[in-house]
S.K.: 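One structure, pasted below without further comment.
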Number of protein chains: 2
Amino acid sequence: MANMTDVAKLANVSTATVSRVIQNPEAVKEKTRIKVLQAIEELNYQPNILARYFRRTETKTILVVVPSIVNNVFPQMIAGIDLVAGQHGYKVLLGNTYQDPEKAYSYIEELKQKQVDGMILLTTRLDKDVITDIAERYPVVLTSDFIEGLNVPTVAIDNISSAREAVEHLLQLGHSRIGMITGPLNSLLCRDRLKGYRQALLANEVAIEGVLIQEGDHTYESGYNQMNKFLALEETPTAIFAANDSMAMGAIKAVKDQNMKVPEDVAVVGFDNIQFSKIFEPALTTIAQPLLGMGKRSMELLLKQIKGEPLTKKQLVLDTKLIIRDSCGYNKQV
Amino acid sequence: MANMTDVAKLANVSTATVSRVIQNPEAVKEKTRIKVLQAIEELNYQPNILARYFRRTETKTILVVVPSIVNNVFPQMIAGIDLVAGQHGYKVLLGNTYQDPEKAYSYIEELKQKQVDGMILLTTRLDKDVITDIAERYPVVLTSDFIEGLNVPTVAIDNISSAREAVEHLLQLGHSRIGMITGPLNSLLCRDRLKGYRQALLANEVAIEGVLIQEGDHTYESGYNQMNKFLALEETPTAIFAANDSMAMGAIKAVKDQNMKVPEDVAVVGFDNIQFSKIFEPALTTIAQPLLGMGKRSMELLLKQIKGEPLTKKQLVLDTKLIIRDSCGYNKQV
DNA sequence: CAACAAAATGTAATCCATTACATTTTAGCT
DNA sequence: AGCTAAAATGTAATGGATTACATTTTGTTG
């Protein structure tokens with residue numbers, strides 16, 4: 001394989017000129033440029049990218065750390081990231097953590113070792129101090145999952161107000177006994193959705209009952225199980241807010257299995273607007289996150305950091321949207 | 001940042017020895033090794049991975065080329081790839097093509113430029129000759145999508161016999177008027193599934209009618225639309241084989257919208273066993289592909305090539321499994 | 001045409017780990 | 001002790017693009 005020196009010799013110029021033709025063609029006189037280009041053509045020369053990376057200490061690669069790629073929301077965010085990354089000549093390295101913090105830390109090493117130019121965290125089971133430290137020294141963006149009181153560049157939605165909107169929708173439909181199936185409460189994101197639920201009830205002077213709050217783990221099965229707990233209550237809730245769509249579907253399934261109907265007997269609102277939520281029957285009323293957009297914004301924020309541009313806004317909060325379908329009976333009431 | 005020379009000086013050895021301590025510790029006397037390790041510790045030395053990559057012309061990175069990451073099957077395959085890759089110290093670069101062959105070709109460049117050590121293609125809208133050529137010169141694995149008569153390392157399922165099994169299941173349940181909704185027929189994979197459908201009918205002496213074969217595009221909507229065509233026929237089919245689960249769901253929806261029932265009025269079998277196929281109502285009878293396993297095998301096959309080991313088996317065909325659920329009435333008939 | 005600024009090009013150091021080959025040390029044995 | 005083979009370590013070249021700085025060429029203007 002020909003190298004730059006070979007090209008330089010053939011074109012009768014210095015390697016510096018060859019390099020310039022490649023990196024910054026305007027800096028070279030047209031006559032010379034053509035000469036060099038011909039030599040490149042003739043030798044079928046391709047720059048050694050690895051040498052360039054080494055010399056530049058830059059890899060044009062960013063790392064996306066994600067708990068699991070087999071998931072309904074992450075692939076869409078990754079698609080958004082990839083889209084913007086590609087437009088700017090960056091490649092995307094996949095960092096699956098399999099929920100293991102150790103794994104996540106190992107990815108941070110890659111960042112420290114400059115194997116990647118930046119990192120987007122789509123999750124955070126990481127120590128607060130570690131993240132703060134890393135984010136100060138390297139380009140990092142936190143997406144979706146917030147960490148309280150952290151001054152790290154972040155792209156997220158307002159989980160509190162989104163959840164509040166979902167619950168208020170149920171309240172407006174006349175429900176007052178509303179159960180919630182939360183996600184794992186060790187995550188701030190899930191606590192926020194719970195907080196939104198509480199705020200909605202408080203604002204409407206509806207009492208909050210502990211028995212109407214059950215913690216799930218984001219799976220369909222947990223939705224099913226928690227719903228069964230609700231249905232076993234003496235006074236069952238007439239509406240449910242599930243912290244994600246999978247649990248909402250599980251909950252609906254539980255209702256159906258009791259020969260009851262959704263939305264007639266129990267109304268259900270989900271969260272995420274996963275692809276299947278509109279196919280599911282009844283089609284799910286849910287909160288849509290701008291997943292693709294979050295991915296895009298994250299990458300844009302990361303690029304700014306990589307380029308050393310000042311960040312005017314470190315924390316980006318994107319709008320969500322309540323998608324009204326059939327699972328809470330809105331269409332029938334109107 | 002300290003480099004290897006600094007460590008060598010501090011430990012009073014040569015850089016060669018430091019390098020050996022890192023790469024091949026057994027080759028260094030214990031006393032020396034400890035000395036070097038202490039120096040590394042003291043200087044907080046981290047090897048410059050980029051320099052290593054450059055020197056070794058190897059990046060410990062592989063590329064997965066995929067038409068879209070927002071999809072029901074690819075993420076699982078990628079997870080399998082990632083799993084094995086991680087176990088062997090390899091990283092996974094994501095190559096989303098957005099269905100654009102141009103994009104795919106650009107990823108091949110990365111392989112040629114040695115930016116990655118190998119490539120797994122989860123799709124192939126690529127020229128046959130190009131793939132053959134590339135596969136001869138670099139480590140490449142084709143997964144899922146076959147190309148006819150190609151001697152490239154491949155991991156796949158037997159789409160023909162799997163489809164045949166699905167259709168035979170319907171035949172055994174007493175159906176003889178069976179429609180098929182295919183995927184895009186410019187893909188061999190989809191033609192194979194159609195071929196399996198034909199074989200099953202022929203083997204059971206059921207006439208093949210052109211009007212009972214409709215081409216969809218893998219989407220839920222196309223399943224819905226093609227099913228409506230079937231339902232508009234004078235003699236409607238009593239069973240449908242859809243080439244993937246999304247179309248199967250769309251087809252079922254169309255049946256329901258006509259106030260008919262699945263499986264009572266029309267039985268439906270899908271293909272893929274996506275996550276939602278068991279949540280969907282009726283739960284989908286479908287062919288399960290070992291997606292994770294295919295990913296794993298692909299990576300293993302790629303690793304062998306990277307290591308230069310001889311490939312005893314170039315073409316791997318993994319078993320599929322018919323998952324019987326509720327959409328074709330098997331459970332009721334028995 | 002001289003003089004000078006600007007544009008173009010060249011020189012050579014640099015990034016840093018790896019490794020073929022050379023040299024030294026160690027260990028085992030007579 | 002002396003010898004040899006094996007083990008351990010060292011020397012120095014290598015990979016190839018980039019770029020600060022130096023030098024040459026070109027173009028402009030009085």
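Below, read A as the first sequence line, B as the second, and so on, with proteins coming before strands; counting in each chain starts at 1.
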S.K.: Summarise how protein sits on nucleotides 9-19 of chain D as a single string, 5' to 3': B when a protein heavy atom is under 4.0 Å from the base, S for sugar-phosphate-only contact, - for no contact.
M.R.: BBBBBBBBBBB
S.K.: Mark yes when over 12 heavy atoms from residues, nucleotides or ligands other than A:D319 sit less than 6.0 Å from its CG; otherwise mark no.
M.R.: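 No, not enclosed.
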S.K.: Would you sort out whether A:Q275 and B:N72 count as a side chain to side chain contact (heavy atoms under 4.5 Å, CB included), showing the intermediate values?
M.R.: CA-CA 10 Å; A:Q275 281 187 309; B:N72 296 302; 4.3 Å; yes
S.K.: Hey, mind stepping through A:R137 and A:K112 against side chain to side chain contact (heavy atoms under 4.5 Å, CB included) and telling me if it holds?
M.R.: CA-CA 9 Å; A:R137 294 191 287 148; A:K112 284 188 183 169; 3.8 Å; yes
S.K.: Less than 4.0 Å between a side-chain N and a carboxylate O, is that true for A:E30 and A:R33?
M.R.: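 Salt bridge absent between A:R33 and A:E30.
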S.K.: Shortest non-hydrogen contact from B:S298 to B:V141?
M.R.: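 Heavy atoms of B:S298 and B:V141 come nearest at O-CG2, 3.7 Å.
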